[in-house]
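This structure is a prediction, so every number in the text was calculated from the model and none was measured.
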Amino acid sequence: MTIMFLNYEKCALCGEKNEVIMLGSSNTFGGSPDLDTRPAEMLRSTINVWIHICSSCGFCAPDISKRIEKSSELVRTDLYQQQLNSTEFPKLANAFLCYSLIQENAGDYAGAGWSCVHASWVCDDTNSEEAAQKCRKKAIGLFQKAKENSQVIDEEASTAEILIIDLLRRSRQFELALKTCDENLKKNPEKSILDVLKYEKILIKNKDSACHTIEEATKRTKSQSKAGEKA
Ligand SMILES: [Zn+2]
């Protein structure tokens, strides 16, 4: 069961008292995460409460009562306000993209990349394919910047690598996706990672930019090894 509750957050930038919905608890009993780490249901569908928007100044963050470095200047810029009100993306995706701008402005490139990934999931849910691809391309650029600044994208380095490969594949940058996938295959990864990389390679070669799960990758290997046993 997912538990949500109503709360109030006083905006750290303008002082506006906002009614917000908070996530109490959820679960992922619905199955396997996607290749890009998107969780299964029921957590999957709680994405609309992961970010809050101040109704007065437009500050977007998971907790708008906490100030983020240099954010008060940024929310007043045209760049920020244009993103907040962009008709190119769903409203919720704009909130994640605005939060990404705030994180990038504060030097948190890894966090900013993740917010773009979250924005891409919102676009997926509304079948906004072009918008989703734009979010994924932004995420790749930010993760690149994170790497250059020695920031941790994910505690598991291999998860971060698979995420980047998947972002490349899903934004139809197949050539670069294949190159990155091959580079990671050369590192002699452990079995669970190897399965996912091999599956990514098949998807990339098929120019498949759709959403796929980790479970599909492991099932595929299992059925292959069974076939091998019979042979
Ligand atoms: Zn505000």
Answer yes or no: does atom [atom1] of [X] have more than 12 heavy-atom neighbours from other residues, nucleotides or ligands under 6.0 Å?
X	atom1	answer
Phe5	CZ	yes
Glu73	CD	yes
Gln81	CD	yes
Lys10	NZ	no

Between [X] and [Y], is any side-chain donor less than 3.5 angstrom from a side-chain acceptor?
X	Y	value
Arg170	Ser209	no
Ser26	Thr2	yes
Asp36	Trp121	yes
Tyr199	Glu216	yes

Practice prompt. Start with the C-alpha gap between Asn85 and Asn94, add the side-chain angles, then the distance that decides, and say whether side chain to side chain contact (heavy atoms under 4.5 Å, CB included) holds.
Written response: CA-CA 7 Å; Asn85 299 300; Asn94 279 332; over 6 Å; no
Practice prompt. Apply side chain to side chain contact (heavy atoms under 4.5 Å, CB included) to the pair Thr180 and Asn184, showing each step before the final yes or no.
Written response: CA-CA 6 Å; Thr180 314; Asn184 279 280; 3.9 Å; yes
Discussion item. Under the criterion side chain to side chain contact (heavy atoms under 4.5 Å, CB included), I'd like the reasoning laid out for Gln173 against Gln133: C-alpha separation, chi angles, the key distance, then a yes or no.
Written reply: CA-CA 10 Å; Gln173 301 179 76; Gln133 283 190 21; over 6 Å; no
Item to complete: Check the pair Lys147, Glu161 against salt bridge (charged side-chain N to carboxylate O under 4.0 Å, His left out), reporting the backbone distance first and the verdict last.
Response: CA-CA 11 Å; Lys147 280 186 177 181; Glu161 288 301 313; 3.0 Å; yes
Worksheet item: Checking side chain to side chain contact (heavy atoms under 4.5 Å, CB included) for the pair Met22/Glu9: CA distance, chi angles, key distance, verdict?
Response: CA-CA 10 Å; Met22 309 283 288; Glu9 278 175 3; 3.7 Å; yes
Fill in: Residues that Ser192 engages under side-chain contact (heavy atoms from CB on, under 4.5 Å), provided they are two or more places apart
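Scan of Ser192 (side-chain contact (heavy atoms from CB on, under 4.5 Å), adjacent residues dropped) gives Glu190.
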Worksheet item: Is Val20 reachable from Val75 through a run of I, L, V, M, F, W or Y residues, each pair having side-chain heavy atoms under 4.5 Å apart?
Response: no
Worksheet entry | ILVMFWY cluster, Phe89 and Tyr80 together (side-chain gap under 4.5 Å) | no
Discussion item. Strictly below 4.0 Å, N to O, side chains only: are Lys191 and Asp195 in salt-bridge contact?
Written reply: yes
